[in-house]
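Notes follow the structure.
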Number of protein chains: 2
Amino acid sequence: MSMGNNYELYKVFYWAAKTGSLTQAAKALYLTQPSVSHAIKQLEESFGVSLFYRNSKGVELTQEGMVLYSYIEQSQILITLAEEKMAALKNLDSGELRIGGSDSLFKHYVLPYLEQFHERHPGVKLHLNHGTTPEVITFLKEGRIDLGVVRMPIVDPQLQVTESFQLQDCFVAGSRYAELKNEVLTLDALLQYPIILFSRNSRARMTITEVFHNYGYSIKPEIEVGSVDLLIEFARRGLGISYVTREFVSKELEEGSLFEVSLDIPLPPSHVGLLTMRNMPLSSAAHAFIGLVK
Amino acid sequence: MSMGNNYELYKVFYWAAKTGSLTQAAKALYLTQPSVSHAIKQLEESFGVSLFYRNSKGVELTQEGMVLYSYIEQSQILITLAEEKMAALKNLDSGELRIGGSDSLFKHYVLPYLEQFHERHPGVKLHLNHGTTPEVITFLKEGRIDLGVVRMPIVDPQLQVTESFQLQDCFVAGSRYAELKNEVLTLDALLQYPIILFSRNSRARMTITEVFHNYGYSIKPEIEVGSVDLLIEFARRGLGISYVTREFVSKELEEGSLFEVSLDIPLPPSHVGLLTMRNMPLSSAAHAFIGLVK
DNA sequence: TGTTACCCATAGACATGGTCTATATCTCCT
DNA sequence: AGGAGATATAGACCATGTCTATGGGTAACA
């Protein structure tokens, strides 16, 4: 059964042995010499052996004391390392940040924040796990990521949602359809053109489908793709009109390789949110990252 | 500042992490659950990070908690091993006993006690360092042995002397001098025979020299030897009359290969004493051995 | 949808025991 | 002989670790 010493006594013993002096140990520990003397005595009495020889110069380990020290020294060093490591984690000189989300959000939305974060805390390792929104939620619940970056809305009582950014989806076309540049199309008119949409299970796809449905139309894509890059590329090559997040094609809109097709109805904005587990403590790194984004 | 956590908290953390439950940790440590809860909270606050996720089944380490645990686990295991080792030292299931003395005392006097001690405490390693009395005293003061076994008297304020046994030195001869068997010799008569003595620096030699001197004689050996075995062997072969400790030749006296030469004056007994350092704590093993001898 | 039975968190009271000051004792050194 | 510096001891105090009592949350089950 437990010999039940207060482990604090080992700290005192360690310093007394290390410095060879109760007085020095006391200084190192910000205690008084009698306190140290008392602590050592407690240890000796609990073990029933003497740990130190006392002489006029200080103290010296006995055989038994050396045996004890051989164990305790390592133990104390480990604790010191642990405390240093924890301080490093807190200061974000160390640790890791694990984010889940879609590739397109990483590329167009998360990346600038990540750069900033990495510059500020180069010791923190970054892990990006890409997946669909349900997958990201699963990752979160399994504890494999600290936070997720996904499109809103998300309704899940276990999750804490921080809406952080608004994106505007729109239809864009390339020079093949230049005649539409200054027009304002009705939905009916738009549907006369080949439409390129993201794959069926994406949130953007569901959103636009619902918009058309609300106005009594049904939108059926000519082409279906699985990445934002393809959505852009196909539109540039004139294969159709792509439904895409405006912020993700800002470069193409600027340089004129794509233009936005105006509609006579407003398209709903979409929101990007940061997902974390509700009622679960955040790692320092995740906390700092969220603070950065907000 | 001081990250100065009470190391006792790490013990609590260790058990909480190990059992995955504050309640279980409390039972293991003979504490109540609120105490453990409080201890963990202290650690978390001191580090500024969360160490556990709390759920309805118990607790689970966070990333930061796992990092801390990776250090603390080893540390705690070492402390446990240290406590077990110290208990073993105390119980004499372990440790060592270092004795200094002369070969003859080891062989004829210490050995039976050592056998008994070893039988009772087989885990204790035995170290025998042989040397002359001054060497033994030096060993003691240098801390190379726990106790010395030497002839009395010893006067040294640093040493603690425990007289433990009385030996009687005497003159013995072999069959070559059978005519002396039933005689009682005067010192003068004895000196007509060749005498064999131990080497000049031995205590026995000094003692007998002084005895003869007190009676107005001077004893000069024919042969001088460096071991008790040779003293005995030479006497048996009739090379002279040996001055030897009676207890060391009890076998030869019994079997008749040697007989004691009676003198008309009493020879002073010599005393064997156990030497330890005064004002220095004894190891458990040394303490037990001295108790055995007394 | 109660009920039960586990968890952990919190609040507040209490007493243990760790720490302090003051002093004694010892040894070494000058 | 005296001073410097080490550890040991005694006794007082109060910080803090521990307890009891209680609250809230979740999972399992009827």
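Note on naming: letters A, B, ... go to the chains in the order of the sequence lines (proteins, then strands), and numbering restarts at 1 for each one. As a basis for the values below, the full set of heavy atoms in this structure was taken, side chains included, without hydrogen atoms, waters or symmetry mates.
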Candidate nucleotides dC8(C), dT10(C), dC19(D), ranked by approach to the side chain of K41(B) - the nearest
dT10(C)
So which nucleotide from dT19(C), dT9(D), dT10(C) ends up closest to the side chain of S37(A)?
dT9(D)
Report which part of the nucleic acid T23(B) touches: base, sugar-phosphate, or nothing (heavy-atom distance under 4.0 Å, all strands).
sugar-phosphate
Parallel, tilted or perpendicular: rings of F289(A) and Y113(A) (30°, 60°):
perpendicular
Taking only N and O in the side chain of Q42(A), is any of them less than 4.0 Å away from OP1 or OP2 of dG18(C)?
yes
In plain terms, say whether K11(B) and E8(B) are close enough for a salt bridge, that is, a side-chain N and a carboxylate O under 4.0 Å apart.
yes
In whole angstrom, give the distance that lies between atom OH of Y7(B) and atom C1' of dG17(D).
19 Å
T32(A) side chain, from C-beta outward: closest of dC20(C), dT18(D), dT19(C)
dC20(C)
Less than 4.0 angstrom between a side-chain N/O of R54(A) and OP1 or OP2 of dA8(D), yes or no?
yes
Check: Y71(B) main-chain N/O paired with S75(B) side-chain donor or acceptor under 3.5 Å
no
Length of the OH-P vector between Y30(B) and dT18(D), whole Å
15 Å
L51(A) CG to dA8(D) C1', straight-line distance once rounded to whole Å:
16 Å
On DNA chain C, compare the nucleotides closest to P34(A) and V12(A); which residue's is nearer the 5' end?
V12(A)
Starting the side chain at C-beta, find the nucleotide from dC8(C), dC20(C), dC28(C) nearest to S56(A).
dC28(C)
Rounded distance (Å) that lies between atom C1' of dC8(C) and atom CD of Q24(B):
13 Å
Is Q33(B) side chain donor-acceptor paired with the dA9(C) base, going by distance under 3.5 Å alone?
yes
Nearest-angstrom distance from the residue atom CZ of F13(B) to C1' of dG17(D)
20 Å
Look at the aromatic rings of Y109(B) and F165(B) and report parallel, tilted or perpendicular, splitting at 30° and 60°.
tilted
On DNA chain C, compare the nucleotides closest to S35(A) and K27(B); which residue's is nearer the 5' end?
K27(B)
E96(B) (side chain) donor-acceptor with K125(B) (main chain) under 3.5 angstrom
no
Take atom CG of N55(B) and atom P of dA5(C), then tell me their distance rounded to the nearest Å.
21 Å
When the distance from CG of L31(B) to C1' of dT20(D) is rounded to whole Å, what number comes out?
14 Å
Gap between atoms NZ and C1', on K57(A) and dC26(C) respectively (whole Å)
14 Å
Where each residue is assigned the nucleotide of DNA chain D containing its nearest heavy atom, which of H38(A) and G58(A) is assigned the position nearer the 5′ end?
G58(A)
